[in-house]
2 protein chains.
Amino acid sequence: MRQSDLESFLAVVRHGSFRAAARERGLTGSALSQTIRALEEDLQVRLFNRTTRSVVPTEAGDLLARRLTPALADIRASLDEVRSIGGRPSGRVRMNAPAPALDWLIVPHLPEFLRSHPDIAVEIIEDASNVDIVAEGYDVGIRLGLEMAQDMIALPLGPEQDYAVVGSPEYLEREGWPETPQDLTLLDCIRHRFPSGTIFPWRFRIGEEDIAIVPQGRLTVSNARHAVEAATAGIGLARVALPYAQGDLRQGRLVRILDRFSPQLPAWHLYYPSRRHMPPALRAFIDFFMKAAR
Amino acid sequence: MRQSDLESFLAVVRHGSFRAAARERGLTGSALSQTIRALEEDLQVRLFNRTTRSVVPTEAGDLLARRLTPALADIRASLDEVRSIGGRPSGRVRMNAPAPALDWLIVPHLPEFLRSHPDIAVEIIEDASNVDIVAEGYDVGIRLGLEMAQDMIALPLGPEQDYAVVGSPEYLEREGWPETPQDLTLLDCIRHRFPSGTIFPWRFRIGEEDIAIVPQGRLTVSNARHAVEAATAGIGLARVALPYAQGDLRQGRLVRILDRFSPQLPAWHLYYPSRRHMPPALRAFIDFFMKAAR
DNA sequence: AACAATTAATTAGATTTGCTTCACAGTCAA
DNA sequence: TTGACTGTGAAGCAAATCTAATTAATTGTT
C-alpha cells in the first residue's frame, strides 16, 4: 500500500475523472486505472461507479475519501515538518482564490516568495465560486468577508475592498455625468459575466439603504482588465475593484464617478482549516503574504 | 513513499533495534536498513543515532514518530473500515495485558472470537508493567482499576478482583492455621517475583487499615500457576488471584485462609485511546470480550 | 588483552513491481 | 452514423526492492 496510491485515489474523487486525475498526478490514465483496481481488490469493495462518461464514488469510496483526506494531510504535514528541520521550509501549497485577490495581493509578491523559499512549490487555482477548500484538497483560500465555515481560521489580508465606477472623460462629456446610481440606466454599462453565467450586479449605498442594479449595456466581458480597457476606450462605464482602475485614474484616462455611493465592502481574507499541526510550507506562505499585504 | 515504509520506521522506533523491527515486519534487517536510509535521504534529516549496539531516534526521528503514529493509525482504521463494509469486520488488534487478566478474561474466549471473526488478526503481548499503549503501538490494554492516562476510555471487565491466601489442608494441620496476617511470618510463604525483580507484596485489610507484608519463604516463582501447584503439594502458602485457586478449592486440595482480611481490589478494565473513528476490528474485539465477561 | 558474539552497514545479484504503449470497447454529441 | 473521448486490458520494459553474503564496529567474557 503506497501513500501515492491513496493520493491518486483522492485525485480521482476530486476530479471525477481518471484522465484528469492522471494528468494532475503525472501518470497515464491506464496506470491510474490499474492502481484503483488494485485498491478495490485489496479492500474487496467497489470504490467508483464508472460509466464510460462519468466516474462517481460509491458510498464506500465516498467514505474512504472523507476519512483519508485529513489523515493523508497529516502525513504530508508530518513529513514536510521533518524535512523543514534540517533546511528551509518545504512542501506544497495549493491555493484557491478569485482573480482580483490574486491579481493584487498574491501574484505581485509571488516571485519574491518563490525566490526566498526555494523548497516550496505553489499551486494557484483561480476560482470565483465558493468551494469547500477541505473537500477539494486546498491548503488555503481567499474570500471576501468573514462568512467562513466553522473550523476555519480567517486573517484579513490588505485594506477594505473598494469598487469604483469609472468612465473615460470623453465618454462622460459626450453622454452626460450621472449624479445618482439610477442615472446609470441611461448609459452604456460594461457588464461582467461570471463563468456560472450570472451578471455581476452593481451595488451601491444610498443613505442607509443598499441597492443592487443589474447593469444594462452592449458589452459583456468576463475579465476586469478587459472592462477597464473598454472603458478607457470610451465604450461605456465599468465597475471594477479599485486597484484595476488605479493606474488609468492617475493618468487621467479614466474618471471615477458616483464614489459617494460606493458601499464599504469587507476586506479580503486568507482562510485555512484549523488543524493540529500546520504544514510548515503553509505557515511560511501565510506569514509571507500577510506581511506583504501590509 | 510507501505506507509500509513509514510503519517500518515506527517499528524501529518502538523496538530501538533494526533486527527486532525487521522480525516484526517480516523483513531482513538489510531491507529495513535500506528503507530507513532512503527515508532519511528523502527527508534530508538523520532519523536515528546508530551505534552498533543501540538505535536511538534523533530529535527529528522522535518528532516524526509522534506525528506519524496517530496519522497512520487513522489510515489503517479508514482502510479497515472500508474493508469491513462489504464483508466482515477486518483488521488487526494488538493487545497488551498482564498474565492473570489474559488467563481468565481473554484466552478462554479467544477461540470463539477468532472463529466468529475470520478476518481479524489478534496479537497479544503479556506484560505486567504499565506501558503507554499509544506510544508502543497497541490498540487496547487491560489494567486493574481506573488510574488511566487522559484521553483513555476504560470499561470494567468482569467482577471485582479477589486475591486469596491458600494452603493444602495437610500443610495447615501440620504447621498451624494462621489467625491473622501477622501469623504468616511463622510459615512458609510461596513468593512471586516479577520480571522487574521485585517480590509481590501480600496486601491485607485489618479493620480500616491496609497493610502490606513481604512474604518470607524458601520457594519463589514467577507464575501464579506454579505457586498454586506448589501449595497443593503442601510446600507452603500461596497468595494468588482467586480464579487460579478456584478449582483446587472446590476439590478440597486447597483451603482458603485469612479471607476476612483480604482487601477489595478494583476490577480489571479494558482501556483504549479515544479516537475519532474506532477501527472496526477493535470495536468488534471490545464488544465481544465485554459481552463474554458478563 | 584478546576473542567471541551481536548488530548495523554495504554491495551485488535476482526478483518483483509498476509504468507506458498500444489496441479495444463503450458512450455522448453533432 | 461518425468522430471524439474515456476507461480497461495485455505485453514489454525499466527501475525499485528484497535477499544473501560480507564487512565493520562495539560489548561482554575469559
Side-chain angles (χ1 to χ4, degrees), chain A residues 1-62 64-65 68 72 75 79 83 86 197, chain B residues 1-62 64-65 68 72 75 79 197:
Chain A
M1 178 69 55
R2 295 191 321 170
Q3 182 134 337
S4 67
D5 291 348
L6 299 179
E7 298 276 11
S8 296
F9 162 74
L10 289 183
V12 174
V13 173
R14 273 204 305 277
H15 288 103
S17 153
F18 278 68
R19 288 183 95 83
R23 225 174 299 126
E24 176 190 312
R25 307 239 71 221
L27 298 173
T28 56
S30 185
L32 246 189
S33 178
Q34 294 176 52
T35 299
I36 299 297
R37 190 161 47 77
L39 188 59
E40 289 180 323
E41 209 158 300
D42 176 13
L43 298 180
Q44 296 281 2
V45 169
R46 191 152 193 80
L47 294 171
F48 296 101
N49 285 322
R50 298 107 148 141
T51 67
T52 41
R53 216 54 178 186
S54 72
V55 177
V56 179
T58 61
E59 202 171 325
D62 190 53
L64 185 62
L68 238 35
L72 279 178
I75 292 204
L79 295 174
R83 242 188 288 266
Chain B
M1 179 69 53
R2 298 190 317 173
Q3 182 138 335
S4 65
D5 291 348
L6 300 179
E7 299 274 12
S8 296
F9 163 73
L10 290 184
V12 174
V13 173
R14 273 204 306 277
H15 288 104
S17 153
F18 279 70
R19 287 180 86 83
R23 225 175 299 127
E24 177 190 312
R25 308 238 73 222
L27 299 173
T28 57
S30 180
L32 245 190
S33 178
Q34 292 177 57
T35 299
I36 299 298
R37 191 160 47 78
L39 188 60
E40 289 180 323
E41 208 159 299
D42 176 15
L43 299 180
Q44 297 280 1
V45 170
R46 191 152 193 78
L47 295 171
F48 295 101
N49 286 321
R50 297 106 147 143
T51 68
T52 41
R53 213 58 176 185
S54 72
V55 177
V56 180
T58 62
E59 203 170 325
D62 190 54
L64 185 63
L68 238 36
L72 279 179
I75 293 203
L79 295 173

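Just so it is clear: chains get the letters A, B, ... in the order the sequence lines come, proteins before strands, and each one is counted from 1.
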*Between the axis at one end of the helix from C:dA1-D:dT30 to C:dA30-D:dT1 and the axis at the other (five pairs apiece), what's the angle to 10 degrees?*
30°

*Between B:D42 and A:R83, does at least one N-O distance fall below 4.0 Å, as a salt bridge requires?*
yes

_A:T58 side-chain N/O to A:R46 backbone N/O, donor-acceptor pair under 3.5 Å_ = yes

Listed pairs, N/O of protein and of nucleotides 19-23 of chain D, under 3.5 Å:
from, atom 1, to, atom 2, distance (Å)
D:dT19, OP2, B:T28, N, 3.2
D:dT19, OP2, B:T28, OG1, 2.9
D:dT19, O4, B:Q34, NE2, 3.0
D:dA20, N6, B:S30, OG, 2.7

*Least distance between heavy atoms, B:A21 atom then B:L32 atom*: CB-CD1, 3.6 Å

*asked:* What I'd like to find out is whether the side chain of A:S8 reaches to under 4.5 Å of the side chain of A:R2, using heavy atoms alone.
replied: no

_With a 4.5 Å cut-off on side-chain heavy atoms, are B:L6 and B:L39 touching?_
yes

*Which nucleotide in the list C:dA9, D:dG7, D:dT17 gets nearest to the side chain of A:V55?*
D:dG7

*What residues in residues 15-23 of chain A put a non-hydrogen atom under 4.0 Å from any atom of DNA chain C?*
none

*Relative to each other, are the rings of B:F48 and B:F9 parallel, tilted or perpendicular (30° and 60° limits)?*
tilted

*Flag the pair B:R23 / B:H15 as yes when at least one side-chain heavy-atom distance between them is below 4.5 Å, and no otherwise.*
no

*Nearest heavy-atom pair of B:S4 and B:R25: which atoms, and what distance?*
O-NH1, 3.1 Å

*asked:* Just the rounded figure in Å: distance from C1' of D:dG9 to CZ of A:R50.
replied: 13 Å

*Under the side chain to side chain donor-acceptor pair (under 3.5 Å) rule, collect the residues that match up with A:Q3, sequence neighbours excluded.*
none

*Taking CZ from B:R2 and C1' from D:dT17, how many angstroms apart are they, rounded to a whole number?*
7 Å

*asked:* Going by the rule side chain to side chain donor-acceptor pair (under 3.5 Å), which residues pair with B:S33 if we only count those two or more places apart in sequence or in a different chain?
replied: none

*asked:* Is A:R25 close enough to C:dG18 that one of its side-chain N or O atoms is under 4.0 Å from OP1 or OP2 there?
replied: no

*Given atom CG of A:D5 and atom C1' of C:dT17, what is their separation to the nearest angstrom?*
11 Å

*From B:L27 CG over to B:R19 CZ, what is the distance, rounded to the nearest 0.5 angstrom?*
13.5 Å

*Does any non-hydrogen side-chain atom of A:L64 lie less than 4.5 Å from one of A:L10?*
no

*Taking B:T35 for its side chain and B:D5 for its backbone only, find out whether a donor-acceptor pair lies under 3.5 Å.*
no

*Kindly state which residues belonging to residues 36-45 of chain A come within less than 4.0 angstrom of DNA chain D, counting heavy atoms of the residue only, listed by number.*
A:R37

